[in-house]
Amino acid sequence: MKKIEAIIRQEKLSDLQAALFEQAGVKGMTVTQVLGYGHQLGWKEYVRGQEVLTTLLPKLEVNMVVADDKLETVITIIINSCQTGEVGDGKIFVYDVENAIRIRTSETGEKAL
Ligand SMILES: Nc1ncnc2c1ncn2[C@@H]1O[C@H](COP(=O)(O)OP(=O)(O)OP(=O)(O)O)[C@@H](O)[C@H]1O
Ligand SMILES: [Mg+2]
């Protein structure tokens, strides 16, 4: 299993959620409101004449744990749903997951997803 952490533009979430459900059968996700910056260091702002370089911009962090054989499909869906081609489209990080457990039934591994 893999954990996919995608930092995306807020306005892309509903399209992404629909595409993940319809095209990849993703049945669980966690979404968190986050603040961050990338290469452009957010927006430059001037506070009392001083340039502020690292303005943090609001983004959404979408977390999903998926079976290994869904990883590439899910990454493609995220790119297709969230890419505008402008700076700030976000980033995807992929992690190995050791186990998953559904608390209600004690099922483990992919059965718990
Ligand atoms: N190396 C990183 N580690 C953790 N979070 C990151 C990293 N890079 C970007 N992010 C997160 O992703 C958000 C969007 O990043 P962004 O798309 O601007 O990346 P970028 O590398 O600057 O690419 P681009 O040039 O396309 O803007 C940031 O606001 C931040 O929350
Ligand atoms: Mg950027």
Side-chain angles (χ1 to χ4, degrees):
M1 291 172 289
K2 301 286 185 196
K3 178 174 175 179
I4 301 167
E5 177 186 301
I7 317 281
I8 64 165
R9 296 182 192 274
Q10 293 176 307
E11 64 269 25
K12 295 296 186 184
L13 179 65
S14 52
D15 284 355
L16 174 62
Q17 215 178 331
L20 286 169
F21 184 76
E22 286 159 18
Q23 297 168 38
V26 170
K27 296 202 178 79
M29 67 166 59
T30 304
V31 180
T32 312
Q33 292 183 301
V34 294
L35 297 172
Y37 68 89
H39 280 201
Q40 292 77 24
L41 307 177
W43 286 308
K44 284 184 184 166
E45 280 185 359
Y46 289 86
V47 178
R48 290 186 291 277
Q50 296 269 6
E51 198 178 73
V52 178
L53 282 175
T54 53
T55 303
L56 296 166
L57 302 180
K59 301 279 175 181
L60 292 180
E61 183 179 302
V62 179
N63 279 293
M64 281 164 285
V65 176
V66 302
D68 288 354
D69 62 5
K70 276 192 187 168
L71 177 67
E72 289 311 318
T73 305
V74 168
I75 289 173
T76 303
I77 291 169
I78 296 170
I79 292 170
N80 289 341
S81 303
C82 299
Q83 187 179 67
T84 69
E86 301 295 324
V87 298
D89 273 351
K91 220 157 267 187
I92 302 168
F93 302 105
V94 179
Y95 306 84
D96 285 322
V97 172
E98 196 171 302
N99 203 357
I101 299 111
R102 174 173 287 113
I103 294 174
R104 175 173 61 87
T105 58
S106 303
E107 289 164 290
T108 60
E110 291 184 10
K111 293 191 297 299
L113 298 181

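Order of appearance sets the numbers: ligands from 1, and atoms from 1 within every ligand. One-based numbering along the sequence shown.
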Sidechain-backbone polar pair: R102 side chain, T108 backbone, donor-acceptor under 3.5 Å: no

Any donor-acceptor pair under 3.5 Å from K2 side chain to V65 backbone: no

Amino acids in close contact with ligand 1, where any non-hydrogen atom sits under 4.0 angstrom away: I7, G36, Y37, G38, H39, Q40, K59, V87, G88, D89, G90, K91, F93

Sidechain-backbone polar pair: D68 side chain, M1 backbone, donor-acceptor under 3.5 Å: yes

Value rounded to 0.5 Å, distance of CG in L16 from CE in M29: 5.5 Å

Criterion side-chain contact (heavy atoms from CB on, under 4.5 Å) on L71 and V94, from CA distance to verdict: CA-CA 9 Å; L71 177 67; V94 179; 3.9 Å; yes

Heavy-atom side-chain contact between I78 and I4 under 4.5 Å: yes

Heavy-atom side-chain contact between Q33 and L60 under 4.5 Å: yes

Side chain to side chain donor-acceptor pair (under 3.5 Å) partners of E61, counting only residues at least two apart: N63

Selection residues 77-94 - residue pairs positive for salt bridge (Lys or Arg N to Asp or Glu O under 4.0 Å), sequence neighbours left out: R9-D89

Around the Mg ion (ligand 2), number of protein N/O/S atoms which are nearer than 2.8 Å: 1

